[in-house]
S.K.: 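Could you have a look at this structure, given as structure tokens, before my questions?
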There are 2 protein chains.
Amino acid sequence: MTVTLKEVAELAGVSRSAVSRTFTDGASVSDKTRRKVEKAATKLGYTPNILARGLTTRRTKLIGLVSNNFHNPIFLEVFDQFTRKLQGVGLRPLLVNLSDETDPEASVRMLRQYSVDGVVVASSTLPPGFSKAFKDAGVPVVNSFGRYSTAPEFHVVGIDNVECGRMAALEFAKRGYKHVAFLGGPDTATSTQDRFKGFSGEISQNPDMEMTVSYAKAYSFEAGREEMQRLLNIRPLAEAYFCGDDVLSIGVLSAIEDAGLNVPGDIGIIGLNDMEMAGWQNINLTTIRQPVQQIINSSVELIVSMLEDPARYPEARLFPCEVIERGTLRPVS
Amino acid sequence: MTVTLKEVAELAGVSRSAVSRTFTDGASVSDKTRRKVEKAATKLGYTPNILARGLTTRRTKLIGLVSNNFHNPIFLEVFDQFTRKLQGVGLRPLLVNLSDETDPEASVRMLRQYSVDGVVVASSTLPPGFSKAFKDAGVPVVNSFGRYSTAPEFHVVGIDNVECGRMAALEFAKRGYKHVAFLGGPDTATSTQDRFKGFSGEISQNPDMEMTVSYAKAYSFEAGREEMQRLLNIRPLAEAYFCGDDVLSIGVLSAIEDAGLNVPGDIGIIGLNDMEMAGWQNINLTTIRQPVQQIINSSVELIVSMLEDPARYPEARLFPCEVIERGTLRPVS
DNA sequence: TTCCATTTTGCAACCGGTTGCAAAATGGAA
DNA sequence: TTCCATTTTGCAACCGGTTGCAAAATGGAA
């Protein structure tokens, strides 16, 4: 069925080594035998078995792409970018959906069984111990969208969530909002915690501003809507809400709309991510843009460099965010 | 670094075969040696290398998950379900993003290099020749969300798009719409063609109904919005539109809203898919539900059965759709 | 033509597993 | 205890590749 090295060697009248060598870069083969081999190979439709090769080279070109965010639309963009970039450098993503199992050990074991060359953990909600487990197992790992640390134990690529919180606060101050609110994602997520830290820190600098705080159960439409519905029953209402992320913001917007209130007239909203939907004209969400593409480019770059140097010193790479002004905050006065 | 069979055998004081046998189901090992092996294995943290095993067993448990729909939110649900179900039966998805390369041969070659056990082609827009290429290469393939055929050359699991078109038409008739429109996805997609066939066929049965037809450039928000903006400049307007899918419908809704018209008061809309967003309260789209979960369950079931019997006779599995009534069509009078 | 440095080649062992087969071990029955 | 059918075990070959090493081939220079 599937044609092997041996058959090509026989047809070309050379040794198996010769065939192997014409298919490995930089190996020593004369033009003459290379031509013979190539001719035989194309005739038989031969293509080397990467997994068999991997047995001796210890390179499978397989990268574990691990995530638990299969419900947030931004992750479709993330998967799109990751698969493209990885394919672009000849790597293949083995997708792992962590929504079911929470045991990091099981994933580590599984991915080692497949001798992946490296792992990308793409999540802002997984505990840091998760990426650590790969590192401890000797598997190159980069944690994308993870928490920044000044002494990272493994590679982290993402944004400075503390700074993002600060940006939201400054944006509110600039527009003269006095009573503002932090409406975070789940308070167990490090991203939520960091954003809160930056936000509250900045607000507390401002003696004439006050802040209320609450958390939605997830980074999701339903959770945002639910939490906002609850908040709408409590007076006084805040003038502006910094929401956990865009999809949560959209849930919040829908609750506000149902309550007959107007955005940005009655209430201001700022999200985070700038996913595609945020720009849809019927949503038109003012938000803080997370540079997904740069984060992913950089993550792939890092994982590639770790293939060459697995002991590469862990690094935290942070990308700046920017406010994308659309229609859910009142103008700067 | 990574511990192998041999080391376990040495520690346990048995042959390599014995170790291998304790890790393969149904192999003949006495309880005594099994215990010895297991003890040694856990002590060393041994776990068999699936890829090395695959060399002789010809089973890698790798499944190519091939798609080109990385921009339609419904596919996040699709990827979520597929990865879960595959993991559930011990298979691992190797994700292939076809957005860049269009050459089926390249993908076939690549996936054969990784000796995948099978391939799921998840797309309603890829040409049928694509799945065929895998079949011809001897790789078990199922085409999910593909076009139904009475004489399928490979396994197809999906919906009857002709019937869906008919359902939309009947729904319009039931609600007394007279001038209706088909606003399809790209007219090169077989799904679009089939839906048109069913829709127009049913409308033509109804002498007092008339129909206009147009196509958006893609199954996307922007394409739907753009096409609707164009249509809004042409009089007379249709009373109700059957849109290519949900995300396209949302674009259409946003164009209508911008034009100051009301849904369902001025214009009725019905979509297709029933993706999560369709149920969001600020969208509340009446749509035809495609049973994604059943389609995926069935696809995984089929691929599993093909692993046992690769020559399994090709089958087309169709799942019924149903209208989900929300707020974008006027009530039945 | 001879010599020698350099390039190319094939052999054989290896990567980490599985498996058919023959030999060894086991465990009742007589 | 002996015998024999059944179960368990290890050897050795294999899956489809790569690679170090020594031998063979090549190709100038003298």
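Here is how names work: the chains are called A, B, and so on, in the same order as the sequence lines, proteins then strands, and each is numbered from 1. For clarity, every value in this text was computed on a predicted model and none was experimentally measured.
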S.K.: So if I take every side-chain heavy atom of A:Ser17 and compare against C:dC11, C:dT9, C:dC14, which nucleotide ends up nearest?
M.R.: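 Within the option list, the nearest is C:dC11.
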S.K.: Using OP1 and OP2 only, check whether a side-chain N or O of B:Arg16 sits under 4.0 Å from D:dT9.
M.R.: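 For D:dT9, neither OP1 nor OP2 has a side-chain N or O of B:Arg16 closer than 4.0 Å.
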S.K.: Determine: side-chain N/O of A:Tyr46 to OP1/OP2 of D:dG17, distance under 4.0 Å, yes or no.
M.R.: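 So the side chain of A:Tyr46 is within the cut-off, an N or O lying under 4.0 Å from OP1 or OP2 of D:dG17.
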S.K.: Output yes when A:Glu38 and A:Lys36 qualify as a salt bridge under the 4.0 Å nitrogen-oxygen rule, no when they do not.
M.R.: no
S.K.: Whether the side chain of A:Thr57 and the base of C:dC15 hold a donor-acceptor pair under 3.5 Å is what I'd like checked.
M.R.: no
S.K.: Can you tell me if A:Arg58 touches the phosphate of D:dT18, counting only side-chain N or O atoms and a distance under 4.0 Å to OP1 or OP2?
M.R.: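 False: A:Arg58 side-chain N/O out of range (4.0 Å or more) of D:dT18 OP1/OP2.
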S.K.: Give me the ring orientation class for A:Phe70 and A:Phe79: parallel if the planes are under 30° apart, tilted from 30 to 60°, perpendicular past 60°.
M.R.: tilted
S.K.: If we check salt bridge (Lys or Arg N to Asp or Glu O under 4.0 Å) with A:Glu301, which of these qualifies: A:Arg317, A:Arg312, A:Lys85?
M.R.: A:Arg317
S.K.: Looking only at the side chain of A:Arg21 (C-beta and beyond, no hydrogens), which of the listed nucleotides C:dC11, C:dC15, C:dG17 gets closest?
M.R.: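 Out of C:dC11, C:dC15, C:dG17, the nucleotide with an atom closest to A:Arg21's side chain is C:dC11.
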S.K.: Which is more 5' along DNA chain C, the nucleotide nearest B:Thr4 or the one nearest A:Gly13? Just name the residue.
M.R.: A:Gly13
S.K.: Does a nitrogen or oxygen in the side chain of A:Thr33 sit under 4.0 Å from OP1 or OP2 of C:dT9?
M.R.: yes
S.K.: Using Watson-Crick or G-U wobble geometry with both distances under 3.5 Å, which nucleotide pairs with D:dA25?
M.R.: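 Base-paired to C:dT6.
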S.K.: Nearest to the side chain of B:Ala52, heavy atoms from C-beta on, is which of D:dG10, C:dG16, D:dT8?
M.R.: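 Among the listed nucleotides, the one closest to the side chain of B:Ala52 is C:dG16.
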S.K.: Is A:Asp117 salt-bridged to A:Lys61, going by a charged N under 4.0 Å from an acidic O?
M.R.: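 No, this pair does not count.
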S.K.: Would you mind reading off the distance between B:Leu55 atom CG and C:dG16 atom P, rounded to a whole angstrom?
M.R.: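 After rounding, the reported distance stands at 12 Å.
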